[in-house]
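A note on names: the letters A, B, ... follow the listed sequences, proteins ahead of strands, and every chain is numbered from 1.
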Protein chains: 4
Amino acid sequence: MSFASLEPGAGIQGAGRPRSEEVHQAILDATLALLIEVGFSALTVEGVANRAGVGKATIYRRWSSKLPLVIEAFGQLPGFEPVDSGDLETDLKQMLHRYVDAFNSTPLGTVLPSLVGERTHNPELASLFEPVMRERRQPLFDALQRAVERGEIARDLDLERAADLIVGPIAVALFFRGGKINPKRIDPVVELALHGLRPRK
Amino acid sequence: MSFASLEPGAGIQGAGRPRSEEVHQAILDATLALLIEVGFSALTVEGVANRAGVGKATIYRRWSSKLPLVIEAFGQLPGFEPVDSGDLETDLKQMLHRYVDAFNSTPLGTVLPSLVGERTHNPELASLFEPVMRERRQPLFDALQRAVERGEIARDLDLERAADLIVGPIAVALFFRGGKINPKRIDPVVELALHGLRPRK
Amino acid sequence: MSFASLEPGAGIQGAGRPRSEEVHQAILDATLALLIEVGFSALTVEGVANRAGVGKATIYRRWSSKLPLVIEAFGQLPGFEPVDSGDLETDLKQMLHRYVDAFNSTPLGTVLPSLVGERTHNPELASLFEPVMRERRQPLFDALQRAVERGEIARDLDLERAADLIVGPIAVALFFRGGKINPKRIDPVVELALHGLRPRK
Amino acid sequence: MSFASLEPGAGIQGAGRPRSEEVHQAILDATLALLIEVGFSALTVEGVANRAGVGKATIYRRWSSKLPLVIEAFGQLPGFEPVDSGDLETDLKQMLHRYVDAFNSTPLGTVLPSLVGERTHNPELASLFEPVMRERRQPLFDALQRAVERGEIARDLDLERAADLIVGPIAVALFFRGGKINPKRIDPVVELALHGLRPRK
DNA sequence: TCGTAAGCGAGACGGTACGTCGAGTCTTGCT
DNA sequence: AGCAAGACTCGACGTACCGTCTCGCTTACGA
């Protein structure tokens, strides 16, 4: 896995002492802990090294800078978890509830905007980040795909756009407002997305 | 204007040399230029001072740190511009088109995610940022309010939620994908938001 | 003086805050103190900065590396002090006694070999070091010159060689033996240099 | 030989693979080569290991640190070679000529000051270094001893002091001046040491 | 009109973190 | 055991900015 590591050929055991897996995990744990405590921009590699009881060189041997490090630490946090109840509205509501719970109980809501903010000016980060984000959204696409097959939503719908419509309000709340998301607002958001703003005849 | 300045009472001219307005603007210009070139996290006050041909103290005399400085520079960029055609769908499409044009032709799309990313861990930034963001969204609310009055959309609708639904896809595209937004995708997004995902009977 | 400083034009007061003379001296003092305590090779710029209560940048602003810094600190230690009694043997014995006292009571005997050892591989150091050493030996030459004029020693003598003969044993003791020099050995050394090894008829 | 090695009892062959003699020599060769190229203070054990194609542990298994390693490498360089012509002046001139040739054609002149400079602050180095230096000077003492027995020089002369007088000018040239020694200056130096500075009657 | 208080560019100041390098130790698999 | 390779902790390197602080000017006001 370790998508952000600098290992030339993962799994191939070359000469010399192999990299310690405990150390790897200790660094990621320390990174997450510090992200929660001080946030991304106040996070220092030196601080991570101290917290993990590790030399700075050991961190730089694995990650070229604090960004890929934080991304890999971030990758340990939960994304969308698949739900398949046979009904789109139920699927969406349950998935969003779980996701929002994760946002409110982990540093996810804190870390994600930081990474997103850097992405614009850091092509390296962007290319590391993209597959992670895609993987996280996949269960949402799957649920929409199943709904198309069941005839619940229009056949010719662009699923990308549809997914944007559903997670959009969460993104807005996350990025433009407090960060914390009120779970009570999820159901109306899903209903709105499914039914549209116009009054039903 | 200069909401973030340290001036005790603007307009009250005490003894001594008054602050130069050219210098003030030169600093903001340099800040915007550097935000475009290197992004928020690589922006240094030292760099701004050099670019503006100004001493560092002159900057700190006006802004307590680089954050309020950047926010004020950001405040010079355009937000939503009011459109009132008498029809919600037209209003929304025109406003979004103009806004997206601004995103694609100014550093807005570059600067906004950077600021948003810092906001989470910086309460000072958050409180400075919030009124700026609110002001920017206001024309969108106004358009929705007029639509409610015209009976175009449901009376009992939470307008905050409705606005989120409309700008949500833009936010997703901005933060989770490339940054650049394809203007062709605006109309479908508005239509989707107004009609919902479900197939019309 | 400050022969090793990086100042472009000494004495010319350019723009900006001038460099603090107290800081300059505090750094030199700390350097000398640490040279005595830990020696040259264990001396770190970081340690000097801490001891002097100064930032590292303040040191590097004045000296390009620890070598010129140490040389300037070393320059504050005493060299030969002129003695003119009218008799060469008396002059030499008194000057050497004072010099050896300085060696045994200051870090001179500790610092000098360190600098000399680096000199070989560091042309920059060599060129900084040479005038300092020349200045230190000058009183010795002067005494020999006066002795030539008084007819005490041969007219055609190469004074460089003569000076080498006199300080040579000190150098040997310093570099090849313990570093500390026994003052009792000075008088015989001077007599030997003046009279030679061969038995007088 | 290898006076500085950590071997408990040389020649006693314990269990396991014996230490490779080629490796030992390759390390010493690499050390000398690097001493010449970059000097003592820029010499790194890592560099020696790379140059010798050897693991760092292999070096530390034999030498406790880079100091004894460098001293043993230094020990491979030539010292005074005995000359016995029956005449002191001839002996001294020939021995000094050969020694100075060695200085000018081997890294001796480069390495010796480096080691001497470290010696002051490194007691371990000092105790390793002392017997090596003593051994090198021995032929000089022997020549002086023979001259005493032949009545060429005074019976009550302190030979240590006499030796210092002879090699002193070389030490001065080596440590205080360029490092390179002009062979033409040797004969006058010897004559000066033997006859003294005072004009002969 | 002239002093004086503040603004100004410049850049030194004490700090903190950067990313690199080497020291000396430890851990692999191979010989 | 020895050995090459290379990861490990630790600590210093020299650099870059931070936000603060003098400097010697300049600029407009108010006495």
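As rounded to whole Å, 16 Å separates atom P of dA5(E) from atom CZ of Arg61(B). Rounded to whole Å, atom P of dG19(F) lies 14 Å from atom CH2 of Trp63(B). Rounding to whole angstrom units, NE2 of residue His24(D) and P of dG2(F) are separated by 14 Å. If you measure from atom CD1 of Ile59(B) to atom P of dC21(F), you get 17 Å, rounded to the nearest angstrom. We find that CD1 of Ile27(D) is positioned 8 Å from P of dC3(F), with the value rounded to whole Å. Put simply, CG on Leu67(C) is 12 Å from P on dC13(F), counting in whole angstrom units. As rounded to whole Å, 14 Å separates atom P of dC8(F) from atom CD of Gln25(A). dG22(E) atom C1' lies 14 Å from atom CZ of Phe40(D), rounded to whole Å.
Between Arg19(B) and dA6(E), a side-chain N or O to OP1/OP2 separation shorter than 4.0 Å is absent. For the OP1/OP2 pair of dC8(E) and a distance below 4.0 Å, the side-chain nitrogens and oxygens of Arg62(B) include at least one atom meeting the criterion. OP1 or OP2 of dG9(E) has at least one side-chain nitrogen or oxygen of Thr58(B) nearer than 4.0 Å.
Within the 4.0 angstrom heavy-atom criterion, only backbone atoms of the sugar-phosphate kind lie near Gly53(C); the bases stay farther away.
Interatomic distance, Arg62(C) CZ to Glu72(C) CD, rounded to the nearest 0.5 Å: 9.5 Å.
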Let me have the donor-acceptor pairs involving side chains of residues 32-43 of chain A, under 3.5 Å, with sequence neighbours excluded, atom names and distances please.
unit_1	atom_1	unit_2	atom_2	d
Glu37(A)	OE1	Arg51(A)	NH2	3.0
Glu37(A)	OE2	Arg51(A)	NH1	3.3
Glu37(A)	OE2	Arg51(A)	NH2	2.9
Ser41(A)	OG	Glu118(B)	OE1	3.1

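Not a single side-chain contact (heavy atoms from CB on, under 4.5 Å) links Asn50(C) to another residue, sequence neighbours left out.
A 4.5 Å side-chain heavy-atom check between Phe74(A) and Thr31(A) finds every atom pair outside the cut-off.
Each of Thr44(B) and Ser20(A) was matched to the nucleotide of DNA chain F holding its nearest heavy atom; the match closer to the 5' end belongs to Ser20(A). Both Ala52(C) and Glu21(B) lie close to DNA chain E; mapped to their nearest nucleotides by heavy-atom distance, the more 5′-ward contact belongs to Glu21(B).
Among the nucleotides dG14(E), dA4(F), dG7(E), the one closest to any side-chain atom of Val54(D) is dA4(F).
Heavy atoms only, all atoms of each residue included: Arg119(C) and Ala126(C) are closest at CG-CA, 3.6 Å.
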Fill in the blank from the handout: Under a 4.0 Å heavy-atom criterion, the protein footprint on nucleotides 24-31 of chain E, written with B, S and -, is BBBBB--B
Handout entry: Stepwise side chain to side chain contact (heavy atoms under 4.5 Å, CB included) test for Val23(A) and Thr58(A)
Key = CA-CA 9 Å; Val23(A) 162; Thr58(A) 300; 3.6 Å; yes
Problem - Val111(D)/Leu115(D) under side chain to side chain contact (heavy atoms under 4.5 Å, CB included): CA gap, chis, key distance, verdict - result: CA-CA 6 Å; Val111(D) 176; Leu115(D) 292 179; 3.9 Å; yes
